[in-house]
Amino acid sequence: MHTLQLADYIVFFVYFIAISAYGYYIFHKKKSKTASSKDFFLAEGSLTWWAIGASLIASNISAEHFIGMSGSGFALGLAISTYEWMSAATLIIVAVFIIPLYLKNKIYTMPQFLAKRYNDQVSTIMAVFWLFVYVFVNLTSIIYLGALAISSISPISFEWSIVGLSVFSIIVTLGGMKVIGYTDVIQVLVLLIGGLVTTYLALSLLADKFGFDGNILEALGVLRKEAPEHFHMIFDKSSPHYKELPGMSVLIGGMLINNLAYWGCNQYIVQRALGADLKTARNGILFAAFLKLLIPVIAVLPGITMYVLHQNGMFQQEMADAAGNIKPDHAYPTLMNLLPAGLKGVAFAALTAAIVASLAGKANSISTIFSLDIYKKYFNKEASERKLVLTGRWAVIISMVVAAIVTPALKSLDQAYQFIQEYVGFFSPGVLAIFLLGMFWKRTTAAAALAGAVLTIPVSTVLKFLPMWTNGWFPDYPFLDRMTITFFVIVAMMVSMSLLKPNKPGDTQSIEVDKSMFKVSTPFIIGSIIICGILAALYTVFW
């Protein structure tokens with residue numbers, strides 16, 4: 001039943017009031033005496049390590065994890081968890097090698113890094129592209145999938161879900177990064193509690209189905225026994241799912257490229273750590289890595305459980321569309337609709353928390369890039385700090401309104417999540433190549449960086465469509481493998497251009513690198529070893 005009871009509304013109302021009140025408290029408690037753009041956009045020096053870690057996860061987790069990843073758990077099994085677990089390993093790499101470079105060179109935005117390392121042309125082209133992608137791809141996709149999820153488990157219509165999510169997100173975002181960072185702590189707590197409640201329900205249903213009277217530990221054993229094919233992390237070429245997750249590429253290939261680009265070169269992710277000192281930033285990122293290990297428990301496990309229940313005759317109608325076709329993405333909404341009054345409100349709040357936190361993070365990054373890299377640079381070079389903050393707030397409102405207007409157009413897509421992932425992935429290899437070579441190879445030229453930015457999408461497009469254009473003569477590589485090939489093609493091209501036409505004195509600036517900043521503390525090393533040990537155990541057990 002797509003209804004919420006009085007208890008659910010009360011729970012959700014308490015959540016909404018708590019977030020709003022806490023945000024208002026943080027805004028006034030930590031409000032600067034003078035309007036500061038760095039304070040508004042970066043919460044400079046204000047976020048603790050636990051706030052940074054929670055905010056990273058809150059910005060990352062959204063409706064596509066609860067809905068899309070549970071659906072993939074239903075269809076593919078535990079292997080889809082590699083997106084989360086390999087992110088944990090990637091976050092350690094980012095904390096050790098990439099964040100120190102940003103902080104050492106006082107980098108506040110990704111376009112600023114490109115301007116400092118290469119030139120304004122490279123920076124502006126990338127800034128405009130990022131703004132376009134953030135508004136028309138990221139914001140719209142999150143609002144779309146979020147509204148779809150909310151309308152499927154509540155009496156709120158799809159259109160009013162769009163309005164509600166947009167307004168709620170604007171309220172949170174207008175307070176700046178401090179408010180986002182600290183309210184994200186509550187968002188993550190609600191997200192985890194609500195997710196665990198839904199997972200518990202799924203396992204309890206499974207235990208009851210097999211006569212174990214709600215014993216969820218017994219249910220975990222049933223899962224392995226009833227769906228052994230759903231507990232393999234690495235697919236070989238004989239698997240029907242190899243195209244989605246191609247073998248070892250999920251460990252050392254395209255998945256690593258995808259994750260490094262996302263966690264290390266992405267404004268709305270990296271921004272959380274740019275206002276902190278190095279120790280605080282690293283500890284926050286390590287905390288986020290630990291949280292990443294938990295996400296499959298609340299996002300993938302319910303999907304696998306629903307698969308086993310469906311295979312044993314339950315939810316036949318709920319998991320099918322009007323034509324009778326099985327729709328894996330129905331798994332999570334179906335479970336949420338089974339929750340009792342009150343607990344459904346908790347799960348509903350968790351889903352809303354994930355969506356709003358992610359929207360707020362992206363909207364804040366849009367305002368940061370527009371205000372600092374477009375408005376101040378080209379429209380008002382003498383803009384005061386107060387003017388920049390005001391411009392940033394207007395950028396939040398306008399971008400959210402535009403995204404809300406565009407969102408209904410995504411209804412025409414059959415698989416919006418997969419389409420968006422691949423679309424963004426066309427660009428990621430080039431972004432990573434430009435950043436890594438810019439950071440660690442002083443001879444990289446601005447012309448090479450510009451060529452890398454321009455050619456990434458054409459190379460990715462050719463790799464995708466060449467098999468069709470050549471009637472199968474050219475190999476049809478899996479998506480992640482295409483990312484690997486594109487990355488190395490762009491790197492080779494950039495290196496060749498840089499060697500053939502080297503920099504002249506003053507052409508570009510090198511990024512300051514001090515080897516001592518790569519040294520990490522003993523607690524960080526211990527935490528990293530624990531995470532890597534857990535990952536090694538998981539991949540060994542579920543290989």
Which residues satisfy the ring pair (Phe, Tyr, Trp, His ring centres under 6.0 Å) test with Phe518, sequence neighbours excluded? Phe97
Crowding at NZ, Lys376 (>12 non-hydrogen neighbours, <6.0 Å): no
With a 4.5 Å cut-off on side-chain heavy atoms, are Gln267 and Ile369 touching? yes
Can you tell me how far the CD1 atom of Ile295 sits from the OG atom of Ser81, to the nearest 0.5 Å? 10.5 Å
Determine whether a donor-acceptor pair (N or O, by modelled atom type, separation under 3.5 Å) exists between the side chain of Tyr262 and the backbone of Ser87. no
Out of curiosity, Ile531 CD1 to Ile526 CD1, how far, rounded to the nearest 0.5 Å? 12.5 Å
Hey, is the main chain of Ala261 close enough, under 3.5 Å, to the side chain of Asn258 for a donor-acceptor pair? no
Working note: Leu500 + Met497, criterion side chain to side chain contact (heavy atoms under 4.5 Å, CB included); need CA distance, chi angles, decisive distance, verdict. CA-CA 5 Å; Leu500 289 172; Met497 286 184 65; 6.0 Å; no
Within 6.0 Å of OH in Tyr242, more than 12 heavy atoms from elsewhere: yes
Measure the CZ-CG distance between Phe487 and Leu260 for me, rounded to the nearest 0.5 Å. 8.0 Å
Please determine, by modelled atom types, if Ser399 and Tyr134 share a side-chain donor-acceptor pair under 3.5 angstrom. no
So, the side chain of Ser371 versus the backbone of Gly392: is there a donor-acceptor pair under 3.5 Å, distance only? yes
Quick one: are Leu359 and Ile143 in side-chain contact, heavy atoms under 4.5 Å? yes
So which atom in Ala288 and which in Ile57 form the shortest heavy-atom distance, rounded to 0.1 Å? O-CD1, 3.4 Å
Value for CG (Leu274) from OG1 (Thr109), rounded to nearest 0.5 Å, stands at 8.5 Å
Kindly give the heavy-atom pair with the smallest separation between Ile269 and Trp263, and that separation in Å. CG2-CE3, 3.4 Å
Start with the C-alpha gap between Tyr378 and Asp373, add the side-chain angles, then the distance that decides, and say whether side chain to side chain contact (heavy atoms under 4.5 Å, CB included) holds. CA-CA 8 Å; Tyr378 296 104; Asp373 297 299; over 6 Å; no
Counting N and O atoms only, with roles assigned by atom type, does the side chain of Tyr102 sit under 3.5 Å from a partner on the main chain of Met110, one being a donor and the other an acceptor? no
Distance (rounded to the nearest 0.5 Å) between Leu301 CG and Met69 CE: 13.0 Å
Compare every heavy atom of Ala446 with every heavy atom of Tyr118, then report the nearest pair and how far apart it is. CD2-CA, 3.8 Å
Is there side-chain contact between Cys532 and Ile92, with at least one heavy-atom pair below 4.5 Å? yes
Is the shortest side-chain heavy-atom distance between Phe235 and Pro246 below 4.5 Å? no
Reported OG1-to-OH distance for the pair Thr484 and Tyr477, which is rounded to 0.5 angstrom: 11.0 Å
If we only count heavy atoms from C-beta on, is the Thr444 to Arg117 side-chain gap below 4.5 Å? yes
Closest non-hydrogen contact found for Leu293 with Leu535 is CD2-CD2, 3.7 Å
Between Lys243 and Asp476, is the closest basic N to carboxylate O distance under 4.0 Å? yes
Residue pair Leu286 / Leu91, side-chain heavy-atom distance below 4.5 Å: no
Is the backbone N or O of Met86 less than 3.5 Å from a side-chain atom of Thr90, with the two atoms forming a donor-acceptor pair by type? yes
Side-chain donor/acceptor of Ser358 to backbone N/O of Ile355, under 3.5 Å: no
Between Phe426 and Met483, does the side chain to side chain contact (heavy atoms under 4.5 Å, CB included) criterion hold? Intermediate values first, please. CA-CA 7 Å; Phe426 274 23; Met483 288 187 67; over 6 Å; no
Take Phe129 and Ile125 through the side chain to side chain contact (heavy atoms under 4.5 Å, CB included) test and state the conclusion after the steps. CA-CA 6 Å; Phe129 182 85; Ile125 288 173; 5.6 Å; no
Give me the atom names and distance for the closest heavy-atom approach of Met494 to Ile434. CE-CA, 4.0 Å
Any side-chain to backbone donor/acceptor pair from Thr280 onto Trp49? Under 3.5 Å, distance only. no
Compare every heavy atom of Leu131 with every heavy atom of Ile366, then report the nearest pair and how far apart it is. O-CD2, 3.6 Å
Hey, what's the ring geometry for Trp543 with Tyr539, parallel, tilted or perpendicular (30° and 60° as the breaks)? perpendicular
Contact between Ile98 and Met439 at the side-chain level, heavy atoms closer than 4.5 Å - yes or no? yes
With the side chain counted from C-beta on, respond yes when Val462 and Arg482 share a heavy-atom pair under 4.5 Å apart, and no when they do not. no
Sidechain-backbone polar pair: Asn105 side chain, Ile107 backbone, donor-acceptor under 3.5 Å: no
Polar side-chain atom of Arg282 near backbone of Phe524 as donor-acceptor pair, under 3.5 Å: no
Test item: Ser365 side-chain N/O and Gly361 main-chain N/O as donor-acceptor pair under 3.5 Å: yes
